[in-house]
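The next block holds one structure in the form of structure tokens; read it before the comments.
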Amino acid sequence: MPELPEIETIKSGLRKVIFGKKIYSAKVVRRDLRFPVPKDLEKLVKNSKILKIKRRSKYIILELTGSVSLIFHLGMSGKLIISISKKQEEFILQKHDHLVFFFENQIQLTFNDARRFGFVDITKSKSDGYIRFAHIGPEPLQKNFNKDYLLRKIEYSERNIKNILMDQKIVAGLGNIYVTEALWKSKINPNRSGKSIKDIECVNLVNSIREVLKKAIKFGGTSLKDFRKVGGEIGYFQNKLNAYAKEKQKCSRGRCKGRIKKILISGRSTFYCSICQK
DNA sequence: CCGTTAACCTGAGAGC
DNA sequence: TGCTCTCAGGTTAACG
């Protein structure tokens, strides 16, 4: 489910409510997520305070006192939900609630994940050194993701550009929706090989990725199905999509008479306009 | 090393 | 109603 803009939206939502707050305790309801919840999580979290709230790629990071970082990955269906004003002993678990963090001021943070493709981890190293971040590519909204970098990664590649951009080792945080949208915006056919992308198209692609992500963040992410902000509200970027899930609809680019097609690339639904995406 | 595919898991919606 | 089938914002082990 959640890609960079959704995780960024969650990060902002968490900052408003739990920044600087103390965690009294954590309750783990179910440990067999994508990876097992670490055995010592409850102990490491108990009586800590939230010092920083960060995002790296599609991960949410809570840096705690005691040089401990809590790390969340939401997989396809994961949610982080804040609720307030229930006493711990009266807290009611919803279906697929797997962890609950009890904060001061009656604040609770719940990790809910129906499909359990997500996971929760904890590290005592600096969060930058977290093992799963080791091979993740640059953040697309930072300067080190630019035309020169991307061109270097794709210029000899036979892979299609869609799979390249979905690859977290190439660039962090993009998934099916935002790659689809960025390719539409740059008028590039998702089946094009990396090496066929011209210099000017690469410039365009980098700019399109940035613009699509920034706009999606501004609208609070895309809620097609599962995505919710920390207060349970939906995002609104689904109203701004031009290609994703727009099968058979008219291409919204000015004067283009095409319709959006749906194809499969590496088993994933892919949407594009066969008229303007060359 | 590189790239592709299958598998992980549950729920929603379509078609019958 | 209910059954079966397909599909879903992701990642990665296994394979060629």
* **Residue whose nearest DNA chain B nucleotide is more 5′ - A/Lys95 or A/Arg34** => A/Arg34
* Separation of A/Ile265 atom CD1 from B/dG3 atom P, in whole Å? -> 16 Å
* To do: May I have the distance from A/Leu74 (atom CG) to C/dG10 (atom C1'), rounded to whole angstrom?
  => 11 Å
* Asked: Which nucleotide in the set C/dT12, B/dG3, B/dC9 lies at the smallest distance from any side-chain heavy atom of A/Arg159?
  -> B/dG3
* Rounded off to whole Å, could you give me the NE2-to-P distance for the A/His96 and B/dA12 pair? => 8 Å
* Under 3.5 Å, is there a donor-acceptor pair between the A/Lys185 and A/Asn204 side chains? -> no
* **Main-chain N/O of A/Arg115 paired with A/Ser77 side-chain donor or acceptor, under 3.5 Å** => yes
* For B/dC9 and C/dA14, measure between their P atoms and round to the nearest Å. => 15 Å
* Between A/Asp167 and A/Lys153, is there a salt bridge with N-O shorter than 4.0 Å? -> no
* **Salt bridge flag under 4.0 Å for residues A/Glu3 and A/Lys58** => no
* For A/Phe119 and for A/Glu6, locate the closest nucleotide of DNA chain C by heavy-atom distance; then report the residue assigned to the nucleotide nearer the 5' terminus. => A/Glu6
* Asked: When the distance from NZ of A/Lys195 to P of B/dG3 is rounded to whole Å, what number comes out?
  -> 12 Å
* Look only at the side chain of A/Ser57 and the backbone of A/Tyr59, and say whether a donor-acceptor pair between them is shorter than 3.5 Å. => no
* Short N-O contact, A/Arg55 and A/Glu8, less than 4.0 angstrom -> yes
* Please report, rounded to the nearest Å, how far the P atom of B/dT10 is from the CG atom of A/Leu33. => 12 Å
* Just call it for A/Lys169: base, sugar-phosphate, or nothing, with non-hydrogen atoms closer than 4.0 Å on any strand. => nothing
* Are A/Phe117 and the base of B/dC9 stacked, counting only ring centres nearer than 5.5 Å and planes tilted under 30°? -> no
* Within 45° of the ring axis of A/Tyr130 and under 6.0 Å from its six-membered ring centre, is that where the NZ or CZ of A/Arg56 lies? -> no
* Classify the nucleic acid contact of A/Arg132 as base, sugar-phosphate or nothing, counting any heavy atom under 4.0 Å across all strands shown. => sugar-phosphate
* **CG-CG distance between A/Leu64 and A/Leu51, expressed to the nearest 0.5 angstrom** => 7.0 Å
* **Of residues 219-235 of chain A, the positions that come close to DNA chain C - non-hydrogen atoms, cut-off under 4.0 Å** => A/Thr222, A/Ser223, A/Leu224, A/Lys225, A/Asp226, A/Phe227
* A/Val230: which of A/Leu109, A/Leu14, A/Thr9, A/Thr110 passes side chain to side chain contact (heavy atoms under 4.5 Å, CB included) -> A/Leu14
* **Any A/Ser266 side-chain N or O less than 4.0 Å from OP1/OP2 of B/dG3** => no
* Asked: At under 4.0 Å, does any side-chain N or O of A/Arg116 touch on OP1 or OP2 of B/dT10?
  -> yes
* Each stem that DNA chain B is part of, given as range with range (3 or more consecutive Watson-Crick or G-U pairs, under 3.5 Å) -> B:2-8 with C:10-16, B:10-16 with C:2-8
* To do: Give A/Ser77 one of three labels, base, sugar-phosphate or nothing, depending on what nucleic acid heavy atoms sit under 4.0 Å from its own.
  => nothing
* Asked: Counting any heavy atom closer than 4.0 Å, what does A/Glu158 reach on the DNA or RNA strands: base, sugar-phosphate only, or nothing?
  -> nothing
* Find which nucleotide of DNA chain C each of A/Phe35 and A/Glu3 is nearest to by heavy atoms, and output the residue with the more 5' nucleotide. => A/Glu3
* Could you tell me the separation between the CD atom of A/Gln168 and the P atom of C/dT12, rounded to a whole number of Å? => 9 Å
* Integer-rounded Å distance: B/dC9 P and A/His98 NE2 -> 12 Å
* **Interatomic distance where CE belongs to A/Met76 and C1' belongs to C/dT12 [whole Å]** => 14 Å
* **Hydrophobic cluster identity match, A/Val17 and A/Leu70, side-chain contacts under 4.5 Å** => yes
